[in-house]
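For the numbers below, each heavy atom of this structure counts, side chains included, while hydrogens, waters and symmetry mates do not. Keep in mind that what you see is a predicted model, and the values were worked out from it rather than measured. Sequence lines set the chain letters: A, B, ... in the order given, protein chains first and strands last, and positions in each chain run from 1.
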Amino acid sequence: MRRILIKNLLNSDHPQAEVRACGWVRTRRDAKGFSFLEVNDGSCLKNLQVIVAEDSPAFAALHEATTGAAVAIGGALVASPGAGQKWELKAAALEVLGPADPESYPLQKKRHSDEFLRTIAHLRPRTNKYGAIFRIRSEAAFAVHRFFRERGFFWLHSPILTGSDCEGAGEMFRVTTLPHAAPPPGGEDPFAADFFGREANLTVSGQLEAELFATALGNVYTFGPTFRAENSNTPRHAAEFWMIEPEMAFADLNDDMDLAEELVKAMTTHVMEHCREDLDLFARFVDKELMRNLEAIAAEPYVRLPYAEAVAILKRSGRAFEFPVDFGADLQTEHERFLCEEHFRKPVIVYDYPREIKAFYMRLNADEKTVAAMDLLVPRVGELVGGSQREERLAVLERRIAEAGMAAKPYWWYLDIRRFGSVPHAGFGLGFERFLMMATGVGNIRDVIPFPRTPKHLEF
RNA sequence: UCCCCGAUAGCUCAAUCGGCAGAGCGGGUGGCUGUUAACCACUAGGUUGUAGGUUCAAGUCCUACUCGGGGAGCCA
C-alpha cells in the first residue's frame with residue numbers, strides 16, 4: 001500500500017478504514033494495555049498520534065519503536081476521542097524500519113539549544129523548529145521564482161566558477177586542481193598549469209553576468225549560492241549563502257527600489273499565506289512580535305530616505321553614537337539600527353550614497369558627489385538588500401574604474417555592453433538567509449541554512 | 001581580525017568566602033483504562049574543555065591554548 005503523507009491524513013475530511021503512514025517516532029507514551037506513538041514524517045509540523053493496543057498484531061514491534069526510530073504503520077484513521085487532534089491512527093500493523101538506540105539518540109523530546117543542535121546539523125531537521133525553518137525556506141524560494149515569473153523576468157543561471165578576480169565584493173575562494181605540495185617555480189605564471197590555465201574562483205556575485213543578460217533578455221534574475229572568503233564572525237554572515245540578484249534593462253534607481261520593496265512584500269505575503277502553521281511556532285517560541293512585524297513588512301510602504309537626510313536625522317537625534325555621523329562616512333550598524341528600529345520602526349531604503357564609499361559600477365549622479373545606490377534596511381536583520389542603478393556611460397565607467405585603481409582590461413566584456421546598445425539598467429542583491437531570519441525571527445544565519453559554512457566550520 | 005562573556009552528567013543548568021559535585025529533563029526498570037512537554041516510584045550516569053601553576057585543599061584563584069556565544073569591522 002502506498003503511504004499517505006501525515007499532512008494529508010491530518011487534513012482528511014472523513015475516516016479511512018485502511019491507510020499507511022511512515023515517519024519517525026517523536027515520542028511514545030505507554031498506558032496500561034496500549035501505547036500512544038507520536039509520529040512525524042516531515043510533511044508538516046504536526047505529529048500523527050498512533051494508538052497501538054496490546055491485543056493488536058502491531059504490539060509485537062512496539063518495544064523497538066523508540067524515539068528516533070523509523071516506522072511504517074498500517075491501520076484505520078479514526079476520529080480521536082482525546083483533545084488536541086482531530087484524527088488518530090489505530091494501528092493494525094507496525095513495522096520498525098530503522099530502530100534508533102534510545103541511549104545514544106541525541107534528540108530528546110524537550111527543547112534543545114540552537115548551539116547544541118548546530119553540532120548535530122544532520123539530525124536537527126528532525127526537530128519541530130528546524131523542520132519548520134526548512135519547510136519555510138523551500139516555500140520562500142518558490143515565492144521568489146513565482147514573483148519574477150509573474151513579472152516576465154527570466155531566471156539566469158550565472159556561473160559558480162569564475163575567472164574574474166576583481167568583482168569587488170569581497171575576498172574570493174580559490175579553485176584549483178594543482179597539488180598543494182608543488183608551488184610553481186618563481187617568475188612563471190603560477191596558474192599556467194592549473195585546470196583553466198588561469199586563476200579561478202568561486203563567484204561572489206552574479207551581478208556582472210546578470211547585467212550582460214539584462215541587455216539581451218530585458219529583465220533577469222539569478223538565484224543561487226555565492227561564496228565569500230571573508231573572516232566574518234557574526235550571526236549575519238556565512239561563507240556560502242544564497243542570493244537573489246535581479247537586473248532590469250531600461251530601469252533607473254526608482255524602478256530598482258520599487259522592485260526591491262515589491263519582492264520583499266511578495267515573499268513575506270507568500271510565506272504568511274502558505275506557512276501559517278510553521279510560522280506560528282516562531283511567533284510563539286522565538287519572537288512574540290513576529291506576526292505583527294511581518295504584517296507591517298507586507299503591507300506598509302517603506303521609508304525612502306536620501307543618504308544626506310539620513311545623516312541629518314542621525315545628527316539631530318542627539319544620540320551619542322560610538323562612531324560619529326558625517327557626510328562621506330558609511331552608515332555604521334548602530335546608525336542603521338537607529339533609523340529602522342527606533343526612528344521609523346519599519347523598513348527603510350537609504351539611497352544616493354557618497355560616491356567614495358560605494359562600488360565603481362554604481363551610476364554617478366548629476367551632483368557628481370553621490371551615486372544611485374540604495375540599501376534596504378529592516379529591523380533586527382539590518383541590510384537585507386543592496387543595489388544600484390548601474391553606470392551605463394562608457395566614459396564615466398572607465399573613469400570610475402581608473403579612480404578605483406583598477407585595471408580596465410579584464411572588464412573588456414563588461415565595458416562592451418556600454419559600447420554596443422548601452423541602456424540605463426539597475427539591479428540589487430537580496431540575501432536569502434537574511435530574509436529567512438526576518439521571516440522567522442531566528443537570530444543566527446547558521447540556523448536558517450541547512451549546513452552553514454563559516455570560518456573554521458565545514459562539518460557535514 | 002579586535003573587544004566582552006562562557007565551558008560542570010547525554011541535554012539545560014546549580015554548587016555561598018577556596019573545604020563531601022547536585023537538580024530537572026533525557027535513558028533504564030516497575031506501576032497506571034485515553035495520553036498529548038503525560039503522571040507516580042525506583043535506578044544508572046562525572047578525569048568539572050585541554051595543559052601547566054598557586055595552595056594543606058581548586059569546579060571555584062593565576063597563565064596559555066581549544067571550543068562556543070554576543071558585540072564590532074567587512075557585507076547580502
Side-chain angles (χ1 to χ4, degrees), chain A residues 26-39 46-54 63 66-68 78 80-85 88 90 100-120 127-128 167-171 204-207 222-223 225-245 260 264 285 321-323 330-334 336-337 357-359 375-378 381-387 428-438 443-447 449 454-457 459:
Chain A
R26 282 292 175 78
T27 180
R28 189 177 87 199
R29 292 182 296 275
D30 295 325
K32 190 165 180 75
F34 62 95
S35 283
F36 298 96
L37 279 184
E38 294 281 339
V39 179
K46 286 207 175 90
N47 301 326
L48 177 66
Q49 176 165 289
V50 178
I51 316 296
V52 183
E54 213 167 26
H63 67 282
T66 55
T67 302
V78 299
S80 175
Q85 64 281 319
E88 63 186 26
K90 268 199 166 0
D101 174 24
E103 292 251 22
S104 49
Y105 185 65
L107 292 176
Q108 60 189 41
K109 183 178 192 168
K110 231 184 118 184
R111 211 190 97 82
H112 286 291
S113 66
D114 294 325
E115 292 81 6
F116 171 67
L117 290 171
R118 261 172 234 152
T119 68
I120 50 168
T127 64
N128 285 340
E167 296 186 28
E171 291 297 309
V204 293
S205 162
Q207 179 200 314
T222 72
F223 184 15
T226 47
F227 308 88
R228 308 251 170 115
E230 300 285 354
N231 189 16
S232 294
N233 292 286
T234 87
R236 295 179 304 280
H237 293 84
E240 177 183 279
F241 64 99
W242 282 55
M243 190 151 62
I244 298 145
E245 295 179 289
V264 172
F285 298 117
F321 292 109
E322 191 186 340
F323 294 89
D330 207 353
L331 298 181
Q332 302 292 315
T333 296
E334 55 175 342
E336 297 180 344
R337 293 182 74 115
I357 58 173
K358 288 291 181 182
D375 283 353
L376 168 55
L377 313 172
V378 297
V381 173
E383 189 177 337
L384 177 63
V385 167
F428 61 81
L430 183 152
F432 188 52
E433 284 76 18
R434 290 195 180 166
F435 171 84
L436 292 170
M437 292 170 72
M438 183 192 82
N444 197 312
I445 196 167
R446 284 168 282 205
D447 298 329
I449 188 164
T454 52
K456 302 279 182 289
H457 292 91
E459 191 68 60

Distance between the [atom1] atoms of [N] and [M], in whole angstroms?
{"N": "B:A41", "M": "B:C25", "atom1": "P", "result": "10 Å"}
{"N": "B:A21", "M": "B:A64", "atom1": "C1'", "result": "27 Å"}
{"N": "B:G45", "M": "B:G22", "atom1": "P", "result": "13 Å"}
{"N": "B:C5", "M": "B:U63", "atom1": "P", "result": "12 Å"}
{"N": "B:G19", "M": "B:A57", "atom1": "P", "result": "14 Å"}
{"N": "B:U60", "M": "B:U48", "atom1": "P", "result": "10 Å"}
{"N": "B:G28", "M": "B:C20", "atom1": "C1'", "result": "28 Å"}
{"N": "B:G26", "M": "B:C11", "atom1": "P", "result": "15 Å"}

- request: Would you mind telling me which of B:C74, B:G69, B:G34 lies closest to the side-chain atoms of A:Glu230?
  value: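 My answer, after comparing the listed nucleotides, is B:C74.
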task: Side chain of A:Glu103 only, please: which of B:U33, B:G27, B:G34 is the nearest?
output: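 Closest nucleotide among those given: B:G27.
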- request: Considering just the side-chain nitrogens and oxygens of A:Arg337, establish if one lies under 4.0 Å of OP1 or OP2 belonging to B:G71.
  value: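 Looking at the OP1 and OP2 atoms of B:G71, neither is under 4.0 Å from any side-chain N or O of A:Arg337.
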message: Under 4.0 Å, heavy atoms only, any strand: does A:Tyr105 hit a base, just the sugar-phosphate, or nothing?
response: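 Nothing, no heavy atom under 4.0 Å.
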message: Under a 3.5 Å threshold, yes or no: a donor from one side chain and an acceptor from the other, between A:Thr67 and A:Gln108?
response: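 No pair is found: no donor N or O on one side chain lies under 3.5 Å from an acceptor on the other.
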Distance-only polar pair, side chains of A:Asn444 and A:Arg236, donor-acceptor under 3.5 Å: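 The criterion, which ignores hydrogens and geometry beyond distance, is not satisfied for A:Arg236 and A:Asn444.
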Pairing partner of B:C2 (Watson-Crick or G-U wobble, both distances under 3.5 Å):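 Pair assignment: B:C2 / B:G71.
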query: Does B:C61 pair with anything, Watson-Crick or G-U wobble, both distances under 3.5 Å, and if so, with which nucleotide?
result: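 B:C61 is paired, partner B:G53.
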- prompt: What about A:Asn233: does its side chain form a donor-acceptor pair under 3.5 Å with the base of B:U1?
  reply: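 For A:Asn233, whose side chain was compared with the base of B:U1, there is a donor-acceptor pair (under 3.5 Å).
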task: Evaluate the salt bridge (Lys or Arg N to Asp or Glu O under 4.0 Å) criterion for residues A:Arg29 and A:Glu38: first the C-alpha distance (whole Å), next the side-chain angles of each, then the deciding distance (0.1 Å), finally the verdict.
output: CA-CA 8 Å; A:Arg29 292 182 296 275; A:Glu38 294 281 339; 2.9 Å; yes
- prompt: Would you call A:Phe241 stacked on B:A76, i.e. ring centres under 5.5 Å apart with the planes less than 30° off parallel?
  reply: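 Here A:Phe241 meets both the 5.5 Å and the 30° conditions.
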- prompt: How close or far is atom P of B:G70 from atom CZ of A:Arg118, stated in whole angstroms?
  reply: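 Result: 6 Å.
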field: Chi class for B:C42: syn within 90° of 0, otherwise anti
entry: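 That one's anti.
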A:Phe435 and A:Phe432 aromatic ring geometry - parallel, tilted or perpendicular at 30°/60° bounds: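 The rings of A:Phe432 and A:Phe435 lie parallel, inter-plane angle below 30°.
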